[in-house]
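Here's the structure we're looking at; comments come further down.
Just so we're clear, the structure is a prediction, and the values are computed from it rather than from any experiment. First the proteins, then the strands, lettered A, B, ... as listed; each starts at 1.
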There are 2 protein chains.
Amino acid sequence: MDKFYIEGSRVFKALGDPRRAMIVDMLSCGELCACMILEKFAMSQSTLSHHMKLLCECGLVVSRNEGKWTYYSLSAEGIAKTKQFFCDITSNKENCICKELNPDQCCNVND
Amino acid sequence: MDKFYIEGSRVFKALGDPRRAMIVDMLSCGELCACMILEKFAMSQSTLSHHMKLLCECGLVVSRNEGKWTYYSLSAEGIAKTKQFFCDITSNKENCICKELNPDQCCNVND
DNA sequence: GCCTCATATCGATATGTGTCAATATGTAAA
DNA sequence: TTTACATATTGACACATATCGATATGAGGC
């Protein structure tokens, strides 16, 4: 399986959970401390930590430690990359050679 | 949990699988018959059918029957809605009141 | 009607994910 | 250096998902 799709789909997998989509929405209004996010949800602290880890690992969210607090915010680069990936796989490509190629080489994708 | 996030994240969940992201990429080059897609993958026919069902259910792909064949293509509306949702949850919103509201009311979201 | 082919559905199973309580880590205050 | 607090990690469990083979459905062709 092509790295291009594995890495690109990671953000979508993270956003595939409605709670994480909601967290991203909250962060779009500005940086938030983990404890502030936790206040809004009926989930345990360990569960939230797990979700935040996934959001960070996929590159959409970045964290910053200040004393004993951890602040989370959206990554402009992560957002841009996600939009780019979505456009890449949904926009019509000229001279498409999907039908002649293996999946690993599909649609002029560079791995 | 707000319908807005549950429905919006469904497409992302579908695209969270690299194989499905690859299928979408293939479809971006034009309509394809199920059998043509199957040729490109090392998966059983029933597995592909399952993936195509998910892609259709989330609204990103539409199917069309012609005789005994089923043709799949991308939905322009589904693509537009997905872009809109992603922009909604990642773009900075003025007068954001996340911190004062419950998650169900977060960020001026209308359900 | 019967046969073939393309696709969908079903049932079983393996793997992945979300969740929590418990515990660990790491920071700052007393 | 204790203590308290914020967050991360671990282990266990329930539930969801991916996968396959087998079977069902549905459309032509004979």
Subject >> Gap between atoms CG and C1', on A/Leu54 and C/dT19 respectively (whole Å) >> reply: 13 Å
Subject >> Gap between atoms CE and P, on A/Met43 and C/dA21 respectively (whole Å) >> reply: 13 Å
Subject >> C/dT17 OP1/OP2 closer than 4.0 Å to side-chain N/O of A/Lys13 >> reply: yes
Subject >> Atom-to-atom span, CD of A/Glu66 to P of C/dG26 - whole angstrom >> reply: 19 Å
**OP:** For A/Trp69 and for A/Ala42, find the nucleotide of DNA chain C with the closest heavy atom, then tell me which residue's nucleotide is more 5'.
**Re:** A/Ala42
Original post:
Which is the 5'-most and which the 3'-most nucleotide of DNA chain D that has an atom under 4.0 Å from a heavy atom of chain A?
Top reply: D/dC5 to D/dT9
Original post:
If you look at every heavy atom in B/Ala21 and A/Ile89, which pair is closest and at what distance?
Top reply: O-CD1, 4.1 Å
Subject >> CD/A/Glu77: more than 12 non-hydrogen atoms of other groups inside 6.0 Å >> reply: no
Subject >> Atom pair distance, as rounded to whole Å: CE in B/Met36 and C1' in C/dA6 >> reply: 12 Å
Subject >> Length of the NZ-C1' vector between A/Lys53 and C/dT17, whole Å >> reply: 13 Å
Original post:
Cut-off 3.5 Å, side chains only: do B/Thr47 and B/Ser44 have a donor facing an acceptor?
Top reply: yes
Original post:
So what is the 5' to 3' dot-bracket string for DNA chain D, if pairs are Watson-Crick or G-U wobble with both distances under 3.5 Å, crossing pairs use [ ] and | means the partner sits on another strand?
Top reply: ||||||||||||||||||||||||||||||
**OP:** Check B/Arg20 against B/Ala14 and note the closest heavy-atom contact, atom names and distance.
**Re:** NE-O, 2.7 Å
Subject >> Contact summary for A/Gly78 and A/Thr82, nearest pair of heavy atoms >> reply: O-OG1, 2.7 Å
Original post:
With a non-hydrogen cut-off below 4.0 angstrom, is A/Tyr72 in contact with a base, only sugar-phosphate, or nothing?
Top reply: sugar-phosphate
Original post:
Looking across every strand, which nucleic acid part, if any, lies under 4.0 Å from A/Asn65 by heavy atom: base, sugar-phosphate, or nothing?
Top reply: nothing
Original post:
Are A/Val24 and A/Leu38 connected, step by step, through hydrophobic side chains (Ile, Leu, Val, Met, Phe, Trp, Tyr) whose heavy atoms are closer than 4.5 Å?
Top reply: yes
**OP:** For B/Asn65 and B/Thr70, test the side chains for any donor-to-acceptor distance below 3.5 angstrom and give the result as yes or no.
**Re:** yes
**OP:** Tell me which residues in residues 44-52 of chain B put a heavy atom below 4.0 Å from DNA chain D, sorted by number, or none.
**Re:** B/Ser44, B/Ser46, B/Thr47, B/His50, B/His51
**OP:** Measure the distance from CZ on A/Arg10 to P on C/dG16 and round it to the nearest whole Å.
**Re:** 14 Å
Subject >> Nearest heavy atoms of A/Tyr72 and A/Leu27, plus distance in Å >> reply: O-CD2, 3.3 Å
Original post:
Given side chains that start at C-beta, do those of A/Ile23 and A/Met52 come closer than 4.5 Å, heavy atoms only?
Top reply: yes
Subject >> Distance-minimising heavy-atom pair for A/Ser28 and A/Leu74 >> reply: CA-CD1, 3.7 Å
**OP:** Could you label the plane-to-plane angle of the B/Phe4 and B/Phe85 rings as parallel, tilted or perpendicular, counting under 30° as parallel and over 60° as perpendicular?
**Re:** tilted
